[in-house]
Every structure is written in C-alpha cells, then in structure tokens.
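A quick write-up on the structure given underneath.
These values consider heavy atoms only, across backbone and side chains, with no hydrogens, waters or symmetry-generated copies. None of these values were measured; they are calculated from a predicted model. Order of appearance sets the numbers: ligands from 1, and atoms from 1 within every ligand. Residue numbers start at 1 and run along the sequence shown.
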Amino acid sequence: MASPLAFIGGGNMAGAILGGLLRAGQVKAADIIVVEPHEPQRDKLRADFGIEALATGDASLAQAGTIVWAVKPQLFGAAAEPLRAWLGAALHLSVMAGIPSSSLVRLTGSERIVRSMPNTPALIGQGMAGLYARPAVSADERAAVEQLLRPTGQTLWVDTEDDLDAVTALSGSGPAYFFLFVEAMMAAAVDMGLSAEQGRRLALATCAGAAALGLNSPESPTTLRERVTSKGGTTHAAITSMQADGVDAAIRRAVLAAQRRAAELGREFG
Ligand SMILES: NC(=O)c1ccc[n+]([C@@H]2O[C@H](COP(=O)([O-])OP(=O)(O)OC[C@H]3O[C@@H](n4cnc5c(N)ncnc54)[C@H](OP(=O)(O)O)[C@@H]3O)[C@@H](O)[C@H]2O)c1
C-alpha cells in the first residue's frame with residue numbers, strides 16, 4: 001500500500017482487520033497508523049502486531065489513503081472532531097453500526113465514504129459484512145475496500161444505505177438468533193437426558209455442518225430441508241411442531257423488529 005492505512009479506534013474490529021492484513025502480508029506494520037487513547041489497548045497493539053499506536057491523532061493522518069473508523073458509534077463525534085483538519089482527502093471506511101454516511105461526510109469533509117455492517121464472526125475471519133458506498137467512491141476504491149475486509153470474511157454490496165438496516169437485521173444481529181436456537185437445542189438435550197455439553201457439541205456441529213452444506217450445495221435451503229423431512233419421520237414431527245407454534249412467522253417478525261430498531265438508531269446517531 002503506497003500511502004498509510006489509518007484506524008481510528010484500535011479495539012476488536014480494528015484488530016481483526018489489521019491483524020488479518022499483516023498476517024496476509026498485504027500491509028506492513030510501519031504503514032499502519034492507529035489512533036487509540038486507551039493505553040492498555042496500545043500496549044496490546046504493540047505486543048500483538050508491533051504497531052506503535054498514537055494516543056491522539058496528528059498530522060500524519062493527512063497522509064493516509066484510507067481511514068477506518070472503528071470506535072463505538074456513540075464516540076464517533078468526539079473522536080472525529082479534533083482530527084477534522086486531516087481527514088478531507090482520504091477514503092473513509094466505517095465499521096460503526098448506525099452512523100449514517102451523511103454524518104461521516106459532515107465530520108470528515110470527504111464524500112468518499114463506505115459503510116460496512118460487519119458481524120462478530122469477523123473476529124475469527126468468518127464474518128459476513130454488508131457494504132454501501134456513496135456515489136463518489138470509485139470502482140477501484142470499492143475493490144480496495146473488499147481487499148481490506150477480506151481477512152474478516154465475506155462481503156456483500158447493497159444498493160442503498162437503507163438496505164444496511166436489513167443487513168444489520170439479518171447478518172449483523174443474526175449470530176444472536178443462531179445462539180438462541182443453539183441454547184434451546186441444548187435445553188432440549190438436557191430434557192432428553194444428555195448433558196448440556198453433549199447438547200452444545202451436537203447442536204453447534206450440526207448447525208456448522210448444515211451451514212456448510214447450504215453454502216456448498218446448488219440446492220435451495222427449502223430443498224435441503226425437505227430432503228431430511230420424510231413424511232411420518234422424526235424430522236417431520238419436529239417441523240410440524242415448529243410450524244404449529246408459528247416459529248417461521250416469529251422469526252420474520254423478529255428480523256423486521258431488528259430492521260426497525262436499526263433505522264431508529266441511525267436517526268438517533270444522525
Ligand atoms: N465487534 C464486532 O463484531 C462488531 C460487529 C459489528 C459492528 N461493530 C462496530 O465496530 C465498531 C468497533 O467495535 P469494537 O468491538 O472493535 O469496539 P472496541 O473493541 O471497544 O474498540 C473501540 C476502540 O476505540 C477506542 N476509542 C475510544 N474513543 C476513541 C477516540 N476518541 N479515538 C480513537 N479511539 C477511540 C476505544 O478505547 P476505550 O476502550 O478507551 O473506549 C476502543 O479501544 C463499533 O462501532 C461497532 O458498532 C463491531
């Protein structure tokens with residue numbers, strides 16, 4: 001990378017991205033600027049990655065080609081304000097949930113903004129992030145952003161900024177829905193006389209295997225479900241019970257509730 005890559009906030013998400021880039025040899029530690037006010041976190045960046053993070057931003061940020069915003073959304077305004085003079089020329093990538101791109105334009109002075117909605121599996125390189133770019137972002141810059149986020153997992157572009165609320169509701173919050181499902185499977189395991197640990201292993205491995213099957217198969221999820229659901233069999237008994245309880249409608253309502261909340265939070269942060 002010719003010009004430095006900067007991170008504002010050097011916590012979990014920043015660590016996942018820059019750690020992956022360093023391991024892949026895509027960028028050198030000397031070409032990364034991190035602004036991180038929390039001293040123990042700066043010590044960790046030095047120990048883990050050999051990066052000397054800055055406690056406060058300085059004029060070196062003006063050299064950065066890309067600036068990644070990885071602070072908690074409620075801290076964005078306070079983090080950006082003192083850095084304003086150095087932000088206008090860069091491409092900005094935000095991984096902050098809920099901050100509208102118009103706020104990023106206002107506080108950075110740059111129209112070249114990409115918003116990303118990552119999820120927690122990004123921390124182990126298995127994430128799924130939705131991406132939205134403002135019109136001023138070029139095709140080459142989009143490709144550079146994809147490259148930047150590759151260590152955290154997969155990416156998917158959406159056409160409108162509002163679509164990010166749907167991404168938030170599906171993949172952003174999705175890991176929590178999945179864990180709720182696993183918790184219920186574990187409780188059922190105990191009901192049937194297995195241990196919670198046996199239930200945890202059976203449920204997680206089954207979910208991971210089913211997800212891998214879905215990802216690798218040309219068949220739709222519906223076909224894959226029907227294939228294990230022979231009439232009168234055990235799976236049929238379970239699916240019939242779930243349908244009687246309205247599980248699918250409840251999941252749809254839950255995801256739409258998350259989308260509405262994402263839109264509300266966006267308005268609050270905007
Ligand atoms: N973790 C995920 O999987 C995930 C998923 C989706 C979205 N996100 C988004 O990613 C963003 C970062 O999340 P995270 O989990 O990486 O949080 P995090 O681990 O708390 O990292 C944020 C870091 O920024 C630092 N910071 C605070 N104020 C700052 C300032 N003025 N300038 C520079 N750095 C500052 C924090 O220091 P202090 O500890 O001193 O405050 C902290 O070390 C959030 O906006 C979140 O919505 C994360």
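A salt bridge links E268 with R261: the distance from a Lys NZ or Arg NE/NH1/NH2 to an Asp or Glu carboxylate oxygen falls below 4.0 Å.
For ligand 1, the atoms sitting less than 4.0 Å from at least one non-hydrogen atom of P73 are 44 (C), 45 (O), 47 (O), numbered in the order shown with element in parentheses. With ligand atoms numbered from 1 in the order given, ligand 1 contributes 3 (O) to contacts under 4.0 Å with heavy atoms of T120.
Not a single heavy atom of A122 lies less than 4.0 angstrom from ligand 1. Heavy-atom distances between G172 and ligand 1 stay at or above 4.0 Å for every pair.
Contact annotation for N12 and ligand 1: heavy atoms of both the backbone and the side chain come within less than 4.0 Å of the ligand.
Counting heavy atoms from C-beta on, the side chains of Q259 and T168 never come closer than 4.5 Å.
Atom 25 (C) of ligand 1 has its closest protein heavy atom at E36 OE1, 3.3 Å.
Any N or O atom pair closer than 3.5 Å counts here, and P118 shares no such pair with ligand 1. The shortest N/O to N/O separation between A78 and ligand 1 does not fall below 3.5 Å. Annotation: M13 places an N or O atom under 3.5 Å from an N or O atom of ligand 1; distance criterion only. Of the N or O atoms in V71, one or more lie within a sub-3.5 Å distance of an N or O in ligand 1.
Residue nearest to atom 28 (N) of ligand 1, selected from T152, T168, L75: L75 (by heavy-atom distance).
Between the side chain of H38 and the main chain of G11, no donor-acceptor pair closer than 3.5 Å is present. Although no hydrogens or angles enter the test, the distance criterion places a donor-acceptor pair under 3.5 Å between the side chain of E161 and the main chain of S101.
Between F76 and W69, the distance separating the two ring centers is shorter than 6.0 angstrom.
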